[in-house]
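Single-structure report; data block below.
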Amino acid sequence: MAVLVQLLEGEVLNKFKIGKKGLSIGHSINNDIYLDDPSVSQKHAQIELKQLTDGAYVCFLHDLESTNHTFVNNSEVKTHLLADQDLINIGTKHFKYIDDENEKLAQTKAFKKSWIPGMYYLED
C-alpha cells in the first residue's frame with residue numbers, strides 16, 4: 001500500500017497510509033492531515049486512491065483550488081498521477097509519496113531459458 005511521508009529537513013516526521021478513502025490535507029482540523037501552517041488553505045489538497053480493473057491501484061493528488069497551490073517535483077499541479085518517490089510541497093510542508101507496491105515489483109527478478117530444454121534460471 002502507498003504511504004505519504006512528511007519530511008522535515010530530510011528526516012521522516014510522520015507517515016500516513018493512503019487507504020480506500022484517500023487523504024484530505026489542509027489547515028482545518030477536519031482534514032486527515034492537519035497542517036498548522038498559515039500558507040496552507042483550509043481544504044488544500046486531496047489524495048484519491050483508484051483501483052484499476054486488474055486489481056492494481058493508482059493515487060491521484062488534487063489541488064482543491066488552494067490559494068498557494070500544490071507542487072509535485074517543484075511543478076505546480078491541479079491533478080497529478082503520483083509516482084513512487086514524488087516530492088510534494090504544500091505551503092512550507094514537504095512530503096514524499098512512497099508506493100511500496102512498485103518497490104516489490106522492482107525486486108522481482110527476470111528468468112532466462114537455459115540451453116537445456118525445460119530448464120530456466122534467474123537473471124542476476
Side-chain angles (χ1 to χ4, degrees):
M1 189 58 65
V3 295
L4 192 64
V5 177
Q6 186 176 6
L7 303 171
L8 179 63
E9 298 178 6
E11 298 295 321
V12 174
L13 186 62
N14 287 310
K15 288 183 182 180
F16 304 94
K17 289 183 182 178
I18 302 172
K20 290 183 181 180
K21 70 176 192 99
L23 291 173
S24 60
I25 306 166
H27 190 65
S28 168
I29 60 171
N30 296 326
N31 289 293
D32 297 313
I33 301 175
Y34 165 68
L35 298 177
D36 188 15
D37 180 345
S39 66
V40 174
S41 298
Q42 294 291 313
K43 293 182 179 180
H44 196 101
Q46 175 78 31
I47 295 180
E48 176 186 22
L49 181 76
K50 288 217 177 218
Q51 188 165 8
L52 304 175
T53 55
D54 64 358
Y57 65 89
V58 292
C59 287
F60 288 92
L61 174 67
H62 304 284
D63 180 83
L64 302 177
E65 298 182 14
S66 63
T67 303
N68 292 315
H69 313 292
T70 302
F71 297 84
V72 176
N73 301 323
N74 296 320
S75 296
E76 182 182 333
V77 298
K78 295 291 181 196
T79 296
H80 180 80
L81 173 61
L82 291 169
D84 188 38
Q85 304 297 311
D86 273 348
L87 297 174
I88 302 166
N89 295 337
I90 297 176
T92 62
K93 307 301 182 192
H94 307 284
F95 297 88
K96 183 184 280 190
Y97 173 77
I98 299 175
D99 185 356
D100 60 355
E101 199 63 31
N102 285 343
E103 186 176 312
K104 289 177 189 172
L105 289 174
Q107 293 174 0
T108 303
K109 293 191 176 201
F111 64 90
K112 292 216 176 217
K113 189 173 183 178
S114 169
W115 61 273
I116 302 170
M119 289 290 281
Y120 297 88
Y121 63 95
L122 290 177
E123 184 178 62
D124 288 331

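In the hydrophobic clustering of this structure, F60 does not group with I47; members are Ile, Leu, Val, Met, Phe, Trp, Tyr whose side-chain heavy atoms approach within less than 4.5 Å, directly or through other members. Residues F95 and L8 fall into different hydrophobic clusters, defined by Ile, Leu, Val, Met, Phe, Trp and Tyr side chains chained together at heavy-atom separations under 4.5 Å.
Using a 4.5 Å heavy-atom threshold, the side chains of V12 and L7 count as touching. In this structure the side chain of K96 reaches within 4.5 angstrom of the side chain of L87, judged on heavy atoms. Put simply, the side chain of L82 does not reach to within 4.5 Å of the side chain of D99, judged on heavy atoms. Between L61 and D86 there is no side-chain heavy-atom pair separated by less than 4.5 Å. In this structure, E76 and D63 have side chains that are not in contact, with every pair of non-hydrogen atoms separated by 4.5 Å or more. Using a 4.5 Å heavy-atom cutoff, the side chains of I33 and N14 are not in contact. Here the side chains of I98 and D84 are in contact, with some heavy-atom distance below 4.5 Å. Side chains of N31 and I25 form no contact here, defined as non-hydrogen atoms less than 4.5 Å apart.
By the neighbour-count criterion of 12 heavy atoms within 6.0 Å, atom CD1 of I29 is sparsely surrounded, having that number or fewer from other residues, nucleotides or ligands. Other residues, nucleotides and ligands place no more than 12 heavy atoms under 6.0 Å from the NZ atom of K15.
In this structure, H44 NE2 and N68 CG are separated by 7.0 Å, a value rounded to the nearest 0.5 Å. In this structure, the separation between CD1 on I88 and CG on N74 is 12.0 Å, given to the nearest 0.5 Å. For the atom pair OG of S24 and NZ of K43, the computed distance is 8.5 Å after rounding to the nearest 0.5 Å. With rounding to the nearest 0.5 angstrom, the CG atom of L81 is 11.5 Å from the NZ atom of K50. A distance of 3.5 Å separates CG of D32 from NZ of K21, quoted to the nearest 0.5 Å.
Taking each heavy atom of H80 and V72 in turn, the nearest pair found is NE2-CG1, 3.5 Å. Of all heavy-atom pairs between Y34 and H27, the closest is CE1-O, 3.0 Å. Closest approach of A83 and Y97 over heavy atoms only: O-CD2, 3.2 Å. Of all the heavy atoms in L49 and C59, the pair that sits closest is CD1-SG, 3.5 Å.
With L64 as the fixed residue, the side chain to side chain contact (heavy atoms under 4.5 Å, CB included) test singles out one of K78, Q42, Q46: Q46.
Among residues two or more places apart in sequence or in another chain, the side-chain contact (heavy atoms from CB on, under 4.5 Å) test is passed with D37 by S39, V40, T92, K93.
Ring geometry, F71 versus H69: the interplanar angle exceeds 60°, so the pair is classed perpendicular (tilted spans 30 to 60°).
Side-chain N or O atoms of T67 include none that pairs as donor or acceptor with a backbone N or O of S41 at under 3.5 Å.
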